[in-house]
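Notes to accompany the following structure.
A note on names: the letters A, B, ... follow the listed sequences, proteins ahead of strands, and every chain is numbered from 1.
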2 protein chains.
Amino acid sequence: MSSQRPPHVDTPHAGTAPRRRQARAEETRRALLEAALTEFAEKGFEAASTRAIAHAAGAHQPQINYHFESKEELWRAAVDHLFGQLDEVFGAHTGDLDCHASARDRLAVLIRAFVHSAAELPELNRIMVREATTDSARLRWIVDRHTRPRFAEAVDAWRAAQIEGGVTPMDEAIFYYSFIGASSLVYVNAPEARLLGCDPSTPEFVSAHAEAVVRMFLPESPGPPDS
Amino acid sequence: MSSQRPPHVDTPHAGTAPRRRQARAEETRRALLEAALTEFAEKGFEAASTRAIAHAAGAHQPQINYHFESKEELWRAAVDHLFGQLDEVFGAHTGDLDCHASARDRLAVLIRAFVHSAAELPELNRIMVREATTDSARLRWIVDRHTRPRFAEAVDAWRAAQIEGGVTPMDEAIFYYSFIGASSLVYVNAPEARLLGCDPSTPEFVSAHAEAVVRMFLPESPGPPDS
DNA sequence: GTCTATAATTAGATAGAC
DNA sequence: GTCTATCTAATTATAGAC
């Protein structure tokens with residue numbers, strides 16, 4: 001609704017100096033956002049330090065309160081940014097989603113796309129699991145704004161495939177959380193996985209994982225469509 | 001190795017007063033441990049407050065440094081305690097694990113037991129996912145002491161079932177993380193699940209979830225053994 | 001063992017020079 | 001817009017009375 005951008009006077013004369021200053025400010029803002037993402041994902045909201053975020057972005061701590069109103073607003077902007085990235089990555093992986101394909105095949109495409117997205121954006125599921133653990137204003141904000149609509153879409157796709165048949169019968173919420181959990185945990189817990197001798201960052205791992213998740217929910221799967 | 005218990009002089013005279021004092025200290029210690037569990041699970045190590053833990057336990061903050069050496073030692077004791085509870089709960093759910101049953105049936109029993117354990121002890125997987133996200137001394141400690149041996153056991157059970165046949169073919173690490181994720185996320189994220197209209201705390205939900213996870217990995221499952 | 005008081009550090013946010 | 005300096009509040013850990 002309300003823009004997170006700081007208010008600024010227009011530059012109708014279009015001088016180059018103000019423009020460059022504005023461009024540099026935009027750079028700072030973006031760097032703070034990216035640094036905030038990884039810091040919030042690794043430490044959680046409360047343990048994350050605005051000083052550390054600013055340092056990682058090559059800026060000073062008070063610039064956070066200048067470009068964003070507060071630590072909480074920075075978090076919100078970072079989460080919005082991250083879900084924007086998810087939509088991009090997810091869209092790139094679904095690509096030509098054939099509307100005339102069977103519900104089962106469409107579900108398989110969505111599952112593969114989500115696994116690849118979870119691998120490319122581990123920060124998203126890290127932040128989600130940190131917030132979803134305790135009821136809070138932040139959790140309600142993120143559920144209302146981002147989780148609930150995506151939950152509804154996933155459940156719709158599942159329901160359609162279940163009506164059509166050929167999928168493992170399962171309650172919708174059980175499907176949703178089993179699916180998200182099976183798809184994301186190894187990337188969320190990547191540092192632990194590495195200590196256990198597993199590197200989940202290779203393309204081969206991600207593809208094998210995606211096919212495994214498809215088979216978990218669509219047991220009679222004929223394999224990936226491009227093989 | 002070294003006991004976390006504070007050093008104390010023996011009471012060879014077995015007076016009642018010292019014994020009662022000791023019993024009360026044991027109570028305090030235990031209350032601190034239980035309070036630490038939920039606080040660390042909800043907030044994470046760094047965001048958790050020793051003052052809040054002490055308050056929840058009906059004690060004062062310096063008592064933590066008396067009964068445990070530091071916040072870090074309290075965390076270690078809490079994690080040890082929690083894995084002890086896991087072994088108890090897990091053992092209660094596997095119960096009469098028939099050594100002469102097929103590897104596939106034994107795996108089904110282990111899966112059901114883990115889902116029920118995850119439902120009863122959401123704190124364990126909350127702490128795990130918080131620590132597994134970033135490499136740290138705490139992560140290495142918990143992996144060496146608790147995760148690696150259990151990972152090996154789970155992989156052994158999976159390997160045996162896979163050799164026998166009748167399970168969804170899958171790499172071991174992919175099985176492990178998909179299994180843990182599918183089994184635990186809905187309980188880890190229970191506050192979010194409730195906002196989405198799902199209550200994962202009922203016995204019916206847990207049983208249905210357990211059967212769903214069994215079918216995800218053992219597609220030709222004949223259903224629960226007691227039905 | 002339990003408690004009060006406090007030391008030492010660090011957090012997020014703000015004021016004001018430039 | 002960016003920077004230094006600083007305010008207030010919260011943190012873990014410790015000292016010492018009881």
Side-chain angles (χ1 to χ4, degrees), chain A residues 4-11 15-33 35-36 39-40 42-78 137-138, chain B residues 4-11 15-33 35-36 39-40 42-78 137-138:
Chain A
Q4 269 94 358
R5 305 287 308 285
H8 65 279
V9 294
D10 263 0
T11 53
T16 59
R19 281 222 173 275
R20 297 193 75 165
R21 208 161 38 205
Q22 190 176 329
R24 193 162 144 59
E26 196 59 34
E27 253 180 60
T28 302
R29 197 188 136 89
R30 191 158 189 93
L32 286 171
L33 217 48
E39 186 81 1
F40 284 134
E42 287 188 359
K43 309 275 184 70
F45 176 79
E46 324 201 50
S49 153
T50 56
R51 275 183 162 83
I53 291 169
H55 182 75
H60 292 93
Q61 188 243 353
Q63 290 181 271
I64 285 178
N65 293 83
Y66 175 79
H67 288 281
F68 308 88
E69 186 188 322
S70 65
K71 185 186 184 182
E72 182 116 6
E73 286 300 319
L74 171 63
W75 179 87
R76 297 228 261 253
R138 286 198 309 279
Chain B
Q4 268 93 1
R5 303 288 307 286
H8 66 279
V9 294
D10 263 0
T11 53
T16 59
R19 281 221 173 276
R20 298 193 75 166
R21 205 160 42 204
Q22 190 177 328
R24 193 162 144 58
E26 197 58 35
E27 252 180 61
T28 302
R29 197 187 135 88
R30 190 158 189 93
L32 285 171
L33 218 47
E39 187 80 2
F40 284 133
E42 287 187 1
K43 307 275 183 70
F45 176 78
E46 325 200 48
S49 154
T50 55
R51 272 184 163 81
I53 292 170
H55 182 76
H60 292 92
Q61 189 244 355
Q63 290 181 271
I64 286 179
N65 294 82
Y66 174 78
H67 287 283
F68 307 88
E69 187 188 321
S70 64
K71 185 185 183 182
E72 182 115 6
E73 286 300 318
L74 171 64
W75 179 87
R76 297 228 261 253
R138 286 198 309 278

For Thr50(A), enumerate each residue passing the side-chain hydrogen bond (donor to acceptor under 3.5 Å, both in side chains) test, keeping only those at least two apart in sequence or located in another chain.
-> Gln61(A)
Can you name the side-chain contact (heavy atoms from CB on, under 4.5 Å) partners of Lys43(A), sequence neighbours left out?
-> Glu39(A), Ala47(A), Ala48(A), Glu46(B)
Closest to the [X] side chain: [options]?
X        : options                  : answer
Arg24(A) : dA13(C), dT2(D), dT2(C)  : dT2(D)
Gln63(A) : dT2(D), dG1(C), dA11(C)  : dT2(D)
Pro62(A) : dT2(C), dA13(D), dT4(D)  : dT4(D)
Gln61(A) : dA13(D), dG12(C), dT2(C) : dG12(C)

Pair of N/O donor and acceptor under 3.5 Å linking dG12(C) base with Arg51(A) side chain | yes
Starting at [atom1] of [X] and ending at [atom2] of [N], how long is that distance when rounded to a whole Å?
X        : N       : atom1 : atom2 : value
His67(B) : dA13(D) : NE2   : P     : 15 Å
Ile64(B) : dC3(C)  : CD1   : C1'   : 14 Å
Ile53(A) : dA11(C) : CD1   : C1'   : 12 Å
His55(A) : dC3(D)  : NE2   : P     : 13 Å

So what does Ala48(B) touch, heavy atoms closer than 4.0 Å: a base, only the sugar-phosphate, or nothing?
-> sugar-phosphate
Base, sugar-phosphate alone, or nothing: which one does Ala52(A) contact when heavy atoms must sit under 4.0 Å apart?
-> nothing
Does [X] have a side-chain nitrogen or oxygen under 4.0 Å from the phosphate oxygens OP1 or OP2 of [N]?
X        : N       : answer
Thr50(B) : dT11(D) : no
His60(B) : dG1(C)  : no
Ser49(A) : dT10(C) : no
Gln22(A) : dG1(D)  : no

Lys71(B) and Phe40(B), any side-chain heavy atoms less than 4.5 Å apart | yes
Ignoring hydrogens and angles, tell me if any N or O in the side chain of Glu73(B) forms a donor-acceptor pair with the backbone of Ser70(B) under 3.5 Å.
-> no
Please determine if Arg30(A) and Glu27(A) form a salt bridge, counting it only when a charged side-chain N lies under 4.0 Å from a carboxylate O.
-> no
